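Just below is one structure, and these are the notes that go with it.
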Amino acid sequence: MPTDQTRRRFIATTGIASVAALAGCAGNGDGGDGGDGSEEDGGDGGGGTANRLSWHAGGTGGTYFPLSNEIKTIVEANTDFSLNVQSTGASVENVGSLSDGSADFALIQNDIASFAKNGTGIDAFEGSPIESLQGVATLYPETITLVTLAGNDISTIDDLSGATINTGDLGSGTQVNANQILESAGISDYNEQNAGFSQASEQLANGDIDAAFVVGGWPVGAIEDLANTNDVQIVPIDGEVRETVKSDASWFADDTIPGGTYSGVEEDVETVAVQAMIATHSGVDADTVETVTAAIFDNLDELTIKTDFITVDSAQDGMSIELNDGAAAYFDA
């Protein structure tokens with residue numbers, strides 16, 4: 001069985017690489033914060049020039065990517081800016097892209113933002129704070145979903161001992177969260193696989209893995225697709241385990257996946273969540289940030305994704321880093 005060093009091998013990998021190098025690695029997953037490395041609009045993935053801005057999203061199987069494309073439509077309809085929305089591998093990668101200027105805006109998790117800004121939490125940032133990283137707005141809870149197939153005899157997190165688990169793309173926010181939760185739950189005897197959400201769903205369907213962690217606003221497209229063709233089970237993170245998880249990592253909050261969210265899962269499932277947020281960097285002009293922020297939050301009625309959560313009033317809830325001056329001006333923060 002893998003040692004703790006093997007289990008957390010992404011730390012060894014990302015600890016050696018610089019954050020800038022992480023930004024240059026094309027992700028090959030499809031997570032809420034993962035992606036397949038493809039690009040929209042034929043862009044080159046670089047930072048914005050003139051009125052063209054680069055927005056790094058997530059994978060096509062999660063929530064970041066479709067939400068980002070709705071934001072693209074809103075911004076381009078209400079400003080002179082165009083957005084190049086790029087699919088990427090992870091929150092950690094997106095931070096790297098913001099750090100080296102190849103992205104002007106990105107969606108990331110609030111815990112990863114805090115790690116990066118403060119140079120702590122994970123080896124990718126340890127002792128190397130990303131001082132240019134700035135916040136714009138928080139959006140919605142990113143639910144940690146632990147999914148398996150009904151025939152795998154995994155009904156509690158304790159049942160993961162000895163299992164083969166996909167913890168998300170290597171270096172992703174999903175992998176960080178999965179490893180945190182498994183460690184808090186005392187699960188160290190498992191085989192770790194690393195892939196994005198769409199590939200993880202295929203692995204589950206093919207019997208190549210026993211369970212997978214998915215981080216993203218429900219419903220996650222990859223889980224929906226899996227549930228439409230297989231009997232899935234969502235494993236709860238509740239009770240004493242949930243309290244330990246929250247005690248060990250303060251950015252986790254209680255969350256519930258409502259019954260009926262996924263085909264065949266009729267009961268509510270208790271779990272935890274982090275927060276999705278829009279981030280930018282200090283090199284982006286404050287007037288640009290204010291214009292883009294205003295376009296989004298003045299036209300929230302044009303969104304169709306996570307509309308129960310994305311509001312002006314809640315846009316600073318869970319904000320874990322300092323705001324860009326343009327965002328502060330819009331929110332009067």
Side-chain angles (χ1 to χ4, degrees), residues 32-33 48 51 53-58 62-83 85 91 94-95 98 103-114 116-117 132-143 173 215-220 250-256 258 272-333:
D33 62 3
N51 287 350
L53 301 171
S54 178
W55 182 292
H56 285 202
T63 306
Y64 280 10
F65 190 77
L67 176 59
S68 293
N69 277 290
E70 289 198 353
I71 289 172
K72 169 187 170 70
T73 299
I74 291 171
V75 169
E76 292 183 349
N78 292 278
T79 75
D80 292 330
F81 292 109
S82 64
L83 293 189
V85 174
S91 284
N94 285 356
V95 168
L98 291 170
D104 300 300
F105 296 89
L107 297 187
I108 61 177
Q109 295 172 200
N110 65 339
D111 57 328
I112 300 301
S114 178
K117 187 71 174 183
S132 62
L133 187 66
Q134 295 181 332
V136 176
T138 55
L139 298 175
Y140 60 87
E142 287 210 80
T143 305
V215 180
W218 48 259
V220 175
S250 60
W251 46 84
F252 286 118
D254 291 347
D255 200 8
T256 301
V272 291
V274 290
Q275 190 88 342
M277 60 176 284
I278 304 171
T280 187
H281 61 84
S282 57
V284 180
D285 184 77
D287 288 341
T288 296
V289 175
E290 184 174 5
T291 298
V292 170
T293 303
I296 297 168
F297 284 89
D298 287 351
N299 296 281
L300 291 177
D301 58 338
E302 297 180 30
L303 291 177
T304 67
I305 298 171
K306 311 308 292 183
T307 54
D308 290 343
F309 299 98
I310 303 174
T311 69
V312 173
D313 291 340
S314 65
Q316 298 306 310
D317 293 351
M319 177 55 67
S320 57
I321 58 176
E322 67 176 313
L323 288 181
N324 177 278
D325 287 344
Y330 176 80
F331 292 110
D332 194 24

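The residues of the chain are indexed from 1 along the displayed sequence. Everything numeric here is computed off the predicted structure, so don't read it as measured data.
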Let me confirm one number: the [atom1]-[atom2] distance from [X] to [Y], rounded to the nearest 0.5 Å.
{"X": "Leu53", "Y": "Thr291", "atom1": "CG", "atom2": "OG1", "result": "10.0 Å"}
{"X": "Tyr330", "Y": "Leu323", "atom1": "OH", "atom2": "CG", "result": "13.5 Å"}
{"X": "Phe65", "Y": "Ile305", "atom1": "CZ", "atom2": "CD1", "result": "11.0 Å"}
{"X": "Leu107", "Y": "Leu67", "atom1": "CG", "atom2": "CG", "result": "6.5 Å"}

Asn110/Gln275 under side chain to side chain donor-acceptor pair (under 3.5 Å): CA gap, chis, key distance, verdict: CA-CA 5 Å; Asn110 65 339; Gln275 190 88 342; 5.6 Å; no

State, to 0.1 Å, how close [X] and [Y] come at their nearest heavy-atom pair, and which atoms those are.
{"X": "Gly216", "Y": "Thr63", "result": "C-OG1, 4.3 Å"}
{"X": "Val312", "Y": "Leu300", "result": "N-CD1, 4.0 Å"}
{"X": "Ala295", "Y": "Asn78", "result": "CB-CB, 4.2 Å"}
{"X": "Ala279", "Y": "Leu133", "result": "CB-CD1, 4.2 Å"}
{"X": "Thr138", "Y": "Ser314", "result": "OG1-O, 3.2 Å"}
{"X": "Lys117", "Y": "Ile321", "result": "CB-CG2, 3.5 Å"}

More than 12 non-hydrogen atoms from neighbouring residues, nucleotides or ligands closer than 6.0 Å to CG on Asp80, yes or no?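 No, not enclosed.
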
Parallel, tilted or perpendicular: which describes the rings of Trp55 and Phe105, with under 30° parallel and over 60° perpendicular? parallel

Please name the residue in the list Pro66, Ser68, Ser54 that meets the side-chain contact (heavy atoms from CB on, under 4.5 Å) test with Val85. Ser68

Donor-acceptor check, side chain of [X] to backbone of [Y], threshold 3.5 angstrom: yes or no?
{"X": "Lys306", "Y": "Trp218", "answer": "yes"}
{"X": "Asn94", "Y": "Ala57", "answer": "yes"}
{"X": "His56", "Y": "Ile108", "answer": "no"}

One pair to check against side chain to side chain donor-acceptor pair (under 3.5 Å): Thr304 and Glu70. What are the steps and the verdict? CA-CA 8 Å; Thr304 67; Glu70 289 198 353; 2.3 Å; yes

Val136/Val289 under side-chain contact (heavy atoms from CB on, under 4.5 Å): CA gap, chis, key distance, verdict: CA-CA 8 Å; Val136 176; Val289 175; 4.2 Å; yes

Step by step, work out the side-chain contact (heavy atoms from CB on, under 4.5 Å) result for Ile278 and Ile296. CA-CA 11 Å; Ile278 304 171; Ile296 297 168; 4.2 Å; yes

